[in-house]
Structure formats: C-alpha cells, structure tokens
Amino acid sequence: MTDLKKHFAVIGNPIHHSLSPQIHRTFAKETGFDIEYEAVLSPLDEFKNTIHKLIAQKLSGANVTLPFKKEAYELATTHSSHAKIAEAVNTLEFKDDQIIGHNTDGVGLVRDLEQNLNINLKSKKILLIGAGGAAEGVIYSLLEKEPSELTLTNRTIEKSHVIQNKMDVHAKSFDVNLNVIEIAKCPNQYFDLIINATSTSLNNSDLAINHKVFHKSSLAYDMTYGKETSFIREAQSQGSKTSDGLGMLVEQAAEAFFIWHHIKPKTKSLIESLRAL
Ligand code: ATR
C-alpha cells in the first residue's frame, strides 16, 4: 500500500530537547492533516548527507535548528527573501529537484510580539543584544515593522558593525534609525523593547548589560525559553515586563507549517499548554 502521509523532520545537534515534533503534530491534528514528524540528530559534519538521505526517503520538508542554519542556507537551491537576507535557513521544502530554503524566525518573533504580546512595533525604540546567527535571523523582520530606532549592541562591537553595514540600506528604506552601541556603554536611555539574542541564556553565562536600559514600561524579551535567565531576572528587578521566546518558537513553527500545508494553525492555546508544562 502507498504511504500517503507526508513526512517531515527537525534536524539539529543536539535535538532531544526539541519541541518541534510536538508542535507540528498538534498543528496537524488541529487542521486535519495526517503527517509524520520526527526529530533527527545529524552528526556535526554530516548535515548535507543527512538531508540527502531524508530526501531519498521522500521527506516533504524539514526544520533546521542549531548549529545547521548556515549550512541549510548553503544547501538550498532557492531562497525566500527572508532567508536570503539572513543568510540562514530554518525551514526547507523539498519539491521535485529543488531544495527551497526559508527563514521563519523573524516572522515568528514579530508575530509573538505583535499578536500575542500586543506590542505595536511601529515607531518603537528597540535594543537588540547580540550579533550572532540569532540576531541576524530576526533583524530584518524587526526593521520591516518600522520602529523609530533599532539599536544593536554586542560584546564584540565589530560584529554589530558587520550587521549594521549589511542592514543599513534596508533601515534607510524603512526610515529606521539603525545605531550600534557598545554593550558596556549602554547610554542612560530606555528602550520600549529589549531583545536578548545572545547565547548567554543557553550557556547560563552572565550578560553584562547596563540595567538603566530597562524601564517600567519596557518589555524585556529573551529569545530562549524554558528557563529563568539572568537577563529576565535583571529586567524584572528594574520593574520591566518580561517574556521568554516560547511564543516565538511556536509562531516560527506555525509559519513553517503554513509554508508546507498552506494553512495557518492556531497558536495561542498551544503556547499556553506548553507553558503550563
Ligand atoms: P547564535 O546563533 O545563538 O546567535 P552565535 O552566532 O555563536 O550563536 O552568537 C552568540 C552571540 O551571543 C554573540 O553575539 C556573542 O557575542 P560575541 O559576538 O561577543 O561572541 C553573544 N554572547 C555569548 N556569550 C556572551 C556573554 N557572556 N556576554 C555577552 N554576549 C555573549
């Protein structure tokens, strides 16, 4: 008998912690799709082979997580505009001989902020901390929302300048003031939104940021989830509102689901039930 089920996977290393199988299976159940979705551990130097094996097994699509988002970008034969700008891919579609690369991280973050946390980003002042893959993956989506100011800061200031140079033309076209400041010299001014896109929360290391950037009306958003981080603790001690990145995780998955199945799943109740866990 032919297997009519479509097959999907998330590929990373490590991967045992991934909530993606649970999220996609829940979306499929809710929208009436019969799919298989598995977590696949790829050896660090075997990403390309892992993908080709999965394609040979008739996989329809895959999510890609750390540390393979750059390699997925290089492997893709066609790219969405967001993937092209981020030079990173977290969602792959396998169609005929094509490997189409998308990046849904930025859309996921913006949707969580705007739809779940009710922040209208237009004309807001945003501080984005970090200049690694996580920051690069979301900065264009933030600029698209036309904040009045987007300030980048990073421990290694040169890396912020690299992103600034890459994004400057987009910032100008959206009329956004794109600045870079040194992390230790965060000025005595507050931001409406402060996003932690460093790996400090994953590594449990401290983020040396001037607490004056937090304000009672700020939202401090940590892109990681599932743990209480020093960034969130610091923000709370200054009276800021806080959020972890669980909503972003679910929203980027919902956008990947939409790319594969052309239907938008509901996200709010899933975010609530995952948070309850
Ligand atoms: P990711 O893909 O998660 O962004 P990455 O590309 O390795 O991972 O980037 C990690 C980011 O976290 C970088 O911006 C890094 O700062 P540096 O560019 O100075 O290395 C930041 N980071 C990691 N540990 C940090 C720490 N203890 N304090 C401040 N920033 C830190």
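When a ligand or atom number is given, it counts from 1 through the structure's own listing order.
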With distance as the sole test, does Asp222 use its side chain to make a donor-acceptor pair with the main-chain N or O of Thr224 at under 3.5 Å?
yes
Donor-acceptor under 3.5 Å (Ser218 side chain, Phe191 main chain):
yes
Can you name the closest pair of heavy atoms from Leu193 and Leu121 and give their distance?
CD2-CD2, 3.7 Å
Selected option - heavy-atom contact closest to atom 9 (O) of ligand 1, from Ala135, Gly132, Ser230, Ser160:
Gly132
Within-cut-off N or O pair, Thr198 and ligand 1, under 3.5 Å
no
Polar-atom distance check: Gly133 versus ligand 1, any N or O pair below 3.5 Å?
yes
With a 4.5 Å cut-off on side-chain heavy-atom distances among I, L, V, M, F, W and Y, is there a chain of contacts connecting Ile163 to Val180?
yes
Are the ring centres of Phe258 and Phe27 closer than 6.0 Å?
no
Does atom 7 (O) of ligand 1 have any protein heavy atom closer than 4.0 Å?
no
Report yes or no: does Asp206 have a heavy atom closer than 4.0 Å to ligand 1?
yes
Contact check: Asn154 vs ligand 1, nitrogen or oxygen atoms, below 3.5 angstrom:
yes
Test side chain to side chain donor-acceptor pair (under 3.5 Å), reference His102, set Glu93, Glu255, His82, output is Glu93
Does the pair Glu38/Arg25 count as a salt bridge with the N-to-O cut at 4.0 Å?
yes
Is a salt bridge present between Glu71 and Lys48, judged by a nitrogen-to-oxygen distance below 4.0 Å?
no
Is it true that a side-chain atom of Gln164 and a backbone atom of Leu178 form a donor plus acceptor pair closer than 3.5 Å?
yes
Heavy atom under 4.0 Å from ligand 1: found in Ser199's side chain, backbone, both, or neither?
both
Heavy atom of the protein closest to atom 20 (O) of ligand 1 (residue, atom name, distance)
Arg155 NH2, 2.9 Å
Checking the N or O distance criterion of under 3.5 Å, is ligand 1 in contact with Asn203?
no
By number and element, which atoms of ligand 1 are closer than 4.0 Å to a non-hydrogen atom of Gly130?
14 (O)
One residue to check: Lys159. Relative to ligand 1, which of side chain, backbone, both or neither has a non-hydrogen atom less than 4.0 Å away?
side chain
Taking distance alone, with N or O pairs closer than 3.5 Å, would you say Ala208 contacts ligand 1?
no
Could you list the atoms of ligand 1 found under 4.0 angstrom from a heavy atom of Thr200?
24 (N), 25 (C), 26 (C), 27 (N), 28 (N), 31 (C)
Would His170 and Tyr140 count as a ring pair (Phe, Tyr, Trp, His ring centres under 6.0 Å) if you check the C-alpha gap in whole Å, the side-chain angles of each, and the deciding distance to 0.1 Å?
CA-CA 8 Å; His170 302 298; Tyr140 180 74; 4.9 Å; yes
Taking only heavy atoms of Ala134 into account, list the atoms of ligand 1 that are under 4.0 Å away from them.
1 (P), 2 (O), 4 (O)
Do the ring planes of His24 and Tyr37 sit parallel (below 30°), tilted (30 to 60°) or perpendicular (above 60°)?
parallel
Taking only non-hydrogen atoms of Ala131 and a 4.0 Å limit, the atoms of ligand 1 in range are 14 (O)
Mark up the atoms of ligand 1 that fall under 4.0 Å of a heavy atom belonging to Leu207, in ascending order.
29 (C)
For ligand 1, which part of Thr156 has a heavy atom less than 4.0 Å away: the side chain, the backbone, both, or neither?
both
